[in-house]
Amino acid sequence: MIIVIDGPAGSGKSSTAKEIANRLEIQYLDSGAIYRALTYLWIAADKPEKNSFLKLLPGVKLQTAYKNQMFFVELNGADITHAIRNQNVAEQVSDVASVPEIRKFVNDYMRNLVLDDIYIADGRDLGTAVFPNAALKIYMDASLEERARRRYMELQEDDGSAGVTLEDVKQNLSERDQKDQNRSADPLKKADDAIIINTTGKTFEEQISEIIDIIQNKLKLKR
Ligand code: DC
């Protein structure tokens, strides 16, 4: 069974989905991390052209797990959990994620994974393209200003903010919104039956309780 949370970059989907997974003791699936893993592979293979890269995919051994607040990713036996978060991967991932054959590979991996447990997953197209029959669909949104402010604060906490201004973060988020919403393969889009949660002006605890109430009311989850 799967609960999906879609929404734009910086809307707080992944921190929210992880916290809900912890509180309800269900599994968490980070779909962006799988796109990042394939982007890492593409870079490590010296950025081959599309058809050569697609030939590598059937031989790829991908393993993911959620433990201790962390979504672990192993590629061909190597732990790339941290490596997929680097700037080089972040800059190329939108292009890799725009290839329909790559999206199919990622979608097949995720559909297969969720067969044997209860999952909450976050992404861009989960409610529309990947899991149209999800048990519950949430679409999280917040104003560009609020998303930029949160990302900027996160960057400062991680000490990854060297020279990066709030205006830079806002610009980057706005560009990613454009790319995610306008690509031809499975763009970021609210599913017709998704419940919208706008988190502008809400605390983290408020948004978590709101979503947990919706899950409990709709699914009567008991573990
Ligand atoms: O959530 P994230 O920033 O880690 O995602 C990385 C990239 O993957 C993001 O630029 C868009 C892409 N992505 C996607 O195309 N579809 C998804 N379901 C999840 C992520």
Side-chain angles (χ1 to χ4, degrees), residues 2-21 28-43 53 57 62 64 66 69-73 75 80-114 119-134 137-142 144 147-148 150-152 154-155 158 160 164 169-191 194 199:
I2 184 143
I3 298 165
V4 298
I5 305 187
D6 289 309
S11 57
K13 305 176 300 272
S14 67
S15 47
T16 301
K18 278 184 194 165
E19 184 60 22
I20 290 174
Y28 166 63
L29 165 62
D30 177 350
S31 64
I34 305 173
Y35 286 103
R36 286 170 183 265
L38 295 182
T39 306
Y40 175 91
L41 176 70
W42 181 67
I43 296 169
F53 184 61
L57 294 185
L62 189 63
T64 56
Y66 179 60
Q69 310 278 6
M70 189 90 91
F71 188 74
F72 289 90
V73 184
L75 185 79
I80 57 165
T81 304
H82 296 287
I84 60 172
R85 301 289 159 195
N86 77 32
Q87 189 60 17
N88 201 10
V89 170
E91 280 169 9
Q92 317 278 339
V93 63
S94 291
D95 294 330
V96 173
S98 68
V99 178
E101 293 89 340
I102 292 179
R103 301 198 71 79
K104 180 175 180 322
F105 177 89
V106 173
N107 293 347
D108 288 347
Y109 175 82
M110 295 195 291
R111 289 178 184 135
N112 198 37
L113 184 74
V114 307
Y119 276 84
I120 185 162
D122 75 301
R124 307 289 192 290
D125 62 337
L126 302 183
T128 50
V130 192
F131 299 108
N133 299 320
K137 300 177 187 177
I138 306 272
Y139 188 88
M140 272 180 74
D141 210 350
L144 180 62
R147 290 185 286 127
R150 288 183 195 154
R151 261 294 144 89
Y152 181 67
E154 264 171 31
L155 276 174
D158 290 350
V164 178
V169 175
K170 196 167 149 186
Q171 178 70 26
N172 174 270
L173 283 181
S174 157
E175 281 165 15
R176 285 177 64 183
D177 286 353
Q178 286 295 321
K179 277 194 185 168
D180 287 347
Q181 285 161 5
N182 295 311
R183 68 165 173 245
S184 54
D186 302 335
L188 164 67
K189 195 164 164 276
K190 185 190 100 56
T199 63

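When a ligand or atom number is given, it counts from 1 through the structure's own listing order. Keep in mind the model is a prediction, meaning the values are calculated, not measured.
- The distance from the CD1 atom of I34 to the CG atom of L62 is 6.0 Å, given to the nearest 0.5 Å.
- Comment: D141 does not engage K190 in a salt bridge, judged by the lack of any side-chain N to carboxylate O separation of less than 4.0 angstrom.
- Dense packing is recorded around NZ of K18, with more than 12 heavy atoms of other residues, nucleotides or ligands lying under 6.0 Å away.
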Report all N/O contacts between ligand 1 and the protein shorter than 3.5 Å as a table of atom names and distances to 0.1 Å; if there are none, say 'none'.
from	atom 1	to	atom 2	distance (Å)
ligand 1	1 (O)	R124	NH1	3.2
ligand 1	3 (O)	R36	NH2	3.3
ligand 1	3 (O)	R176	NH2	2.7
ligand 1	4 (O)	R36	NE	2.7
ligand 1	4 (O)	R36	NH2	3.3
ligand 1	15 (O)	R103	NH1	2.9
ligand 1	15 (O)	R103	NH2	3.3
ligand 1	15 (O)	R183	NH1	2.9
ligand 1	15 (O)	R183	NH2	3.1
ligand 1	16 (N)	R103	NH2	3.0
ligand 1	18 (N)	S31	OG	3.1
ligand 1	18 (N)	R124	N	3.2
ligand 1	18 (N)	D125	OD1	2.9

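- The shortest distance between side-chain heavy atoms of R147 and L144 falls below 4.5 Å.
- With sequence neighbours excluded, no residue satisfies ring-ring contact (aromatic ring centres under 6.0 Å, His included) with Y139.
- Note that OG of S174 is 11.5 Å distant from NZ of K179, once rounded to the nearest 0.5 Å.
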